[in-house]
Amino acid sequence: MNTTLSLQGRPALGIGGTQKLLIDGREVDALSGQVFETRNPATGELLALVAEGGAEDIDLAVAAARRAFDGPWSRFTPFERQACLLKFADLVEDHFEDLSLLDVLDMGAPISFARARRQRAIGLLRFYGGMCTSIHGETLPNSLPGNVFSYTLREPVGVVGAITPWNAPLTSTIWKIGPVLASGCTMVLKPAEDAPLTALQLGRLALEAGIPPGVVNIVPGRGEVAGAALAAHMDVDKVAFTGSDATGRKVIEASKSNIKRVMLELGGKSPDIVFADADLDDAVTGAGMGVFANSGQICSAGTRLLIERPIYDEFVARLSEFAKGLRVGNGADPATQIGPLVSAAQLARVTGYIDVGLGEGALATAGGGRLTEGALAKGYFVAPTVLSGVDNGMRIAQEEIFGPVASAIPFDTAQEAAALANATPFGLGGGVWTGSVKKAHFMAKAIRTGTVWVNCYGLLDPTIPFGGYKASGYGRESGLQHVDEYLQTKAVVMQNG
Ligand code: NAD
């Protein structure tokens with residue numbers, strides 16, 4: 001499918017020409033005048049030039065966010081903030097098809113995958129909207145002499161620097177903007193250079209929703225320049241970072257500048273455990289999409305398939321058939337199930353890991369490399385790949401590949417499955433497929449990850465907290481505690497005679 005065709009009648013989509021930085025409510029060029037290209041990873045087509053923000057642009061954006069925090073935004077009542085967020089949610093709903101198409105064109109997501117996130121994207125904003133009016137402190141009993149009254153206030157931390165990856169632009173941007181607005185903070189968001197267009201469009205919609213200029217600033221740019229400047233900035237109070245563990249470590253280092261608060265949503269190597277007593281039809285489809293959806297470019301993808309030995313061969317065979325049957329193509333085609341990888345760099349990384357696995361002795365029972373037939377030759381397509389005969393110590397079982405690659409590992413007992421599940425540095429997601437409630441509860445407790453899915457994989461909801469154990473980071477997105485990430489507690493102690 002030609003993406004140019006799919007853009008007809010959509011002139012306001014935020015595509016083409018030069019897309020500018022969004023600072024203090026205005027679209028501006030980068031001070032350096034520099035731009036970078038963003039291309040469709042399915043076709044190689046140029047989508048837009050994007051102003052490349054640098055350290056000076058980050059300075060301007062942070063100053064705008066500070067003025068808005070100290071000024072107009074601080075005078076918005078909780079109900080007024082809520083009204084803005086709900087209006088923003090309505091606008092995202094009205095423009096949802098365009099925003100989904102931006103994810104398709106800029107990062108390659110299948111349109112079916114992008115559309116399936118409708119409820120989540122809009123629901124998240126309404127959930128955060130609802131929370132604006134329920135932020136409160138407590139009155140505290142104390143045993144101090146005299147008549148002393150003590151209570152707490154929950155106050156916004158201030159200016160937030162948000163840094164996002166490219167793999168789910170719409171939802172990861174909303175996951176940052178929503179709770180920041182609910183808390184009363186202001187922000188500068190630096191989207192990933194591989195897919196910056198959706199965040200810019202959301203920034204424009206935030207302005208249209210009546211959110212004052214300077215509250216939401218969007219500054220695309222290179223990670224090691226604009227991202228690093230934001231993470232180290234002396235006037236940023238908190239960094240909310242989503243990305244790789246390697247970059248997460250740099251963000252922690254940079255945060256030392258002014259002891260800023262940090263939350264980190266990092267990578268994973270999530271186990272998905274299939275017991276012999278599971279419904280295998282459900283498990284093949286659920287575990288299959290748990291690793292192949294969005295071409296494996298999901299932080300919590302269940303990439304390590306731990307399979308009970310008696311069903312290992314059968315499960316690998318069925319999963320391999322499932323993988324071979326998936327429709328790989330341009331995400332703009334509604335029939336596509338698996339789109340391209342986001343960039344030539346990711347293509348090289350993923351195919352490199354497949355080669356490492358084969359070199360380590362794994363066997364590709366499905367896929368095994370790049371797809372170049374017909375129109376696929378223009379993009380960065382990798383066949384959904386199943387590697388069998390994998391040992392948990394191999395690099396492909398320990399390092400995040402971030403592509404459509406499943407590693408199948410056998411186990412004999414629930415205890416061994418739990419030990420294997422926990423034997424990586426990461427702890428983001430985990431899955432269990434079983435017909436036994438007892439086994440399900442045992443595994444849910446034994447697996448050291450921020451989420452455990454039982455007889456399903458990857459389900460998310462605004463009310464359900466999401467985040468990492470171990471090297472997958474700290475802090476939680478979604479759930480009641482998400483807005484807490486952007487609040488701090490002040491104690492007030494009052495002597496009343
Ligand atoms: P990345 O770490 O390369 O980049 C993430 C962001 O950090 C980008 O905006 C990038 O420009 C910026 N950046 C790069 N260098 C920086 C620096 N020195 N200082 C500050 N910012 C810098 O990650 P990626 O390739 O964009 O995304 C894939 C990774 O994100 C995977 O590891 C994936 O698991 C993770 N991820 C995690 C979650 C989660 O919720 N836990 C969600 C999505 C993606």
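First listed ligand is number 1; within each ligand, the first listed atom is number 1.
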Could you name the protein residues that come within less than 4.0 Å of ligand 1, counting only heavy atoms, and order them by chain and residue number?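 Its neighbours under 4.0 Å (heavy atoms only) are Ile163, Thr164, Pro165, Trp166, Asn167, Lys190, Pro191, Ala192, Glu193, Gly223, Glu224, Gly227, Ala228, Phe241, Thr242, Gly243, Ser244, Thr247, Lys250, Glu265, Leu266, Gly267, Cys299, Glu400, Phe402, Leu428, Phe466, given by chain and number.
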
Given Lys20, Lys190, Arg222, the one that forms salt bridge (Lys or Arg N to Asp or Glu O under 4.0 Å) with Glu52: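 With Glu52 as partner, salt bridge (Lys or Arg N to Asp or Glu O under 4.0 Å) holds for just one option, Arg222.
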
Asp106 and Trp166: side-chain donor and acceptor closer than 3.5 Å?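 Side-chain D/A pair, Asp106 to Trp166: absent.
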
Can you tell me how the ring of His482 sits relative to the ring of Trp175, calling it parallel under 30°, perpendicular over 60° and tilted otherwise?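 Rings of His482 and Trp175: perpendicular, over 60°.
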
Between [X] (side chain only) and [Y] (backbone N and O only), is there a donor and an acceptor less than 3.5 Å apart?
| X | Y | result |
| --- | --- | --- |
| Thr186 | Val215 | no |
| Lys470 | Asn422 | yes |
| Ser295 | Gln297 | no |

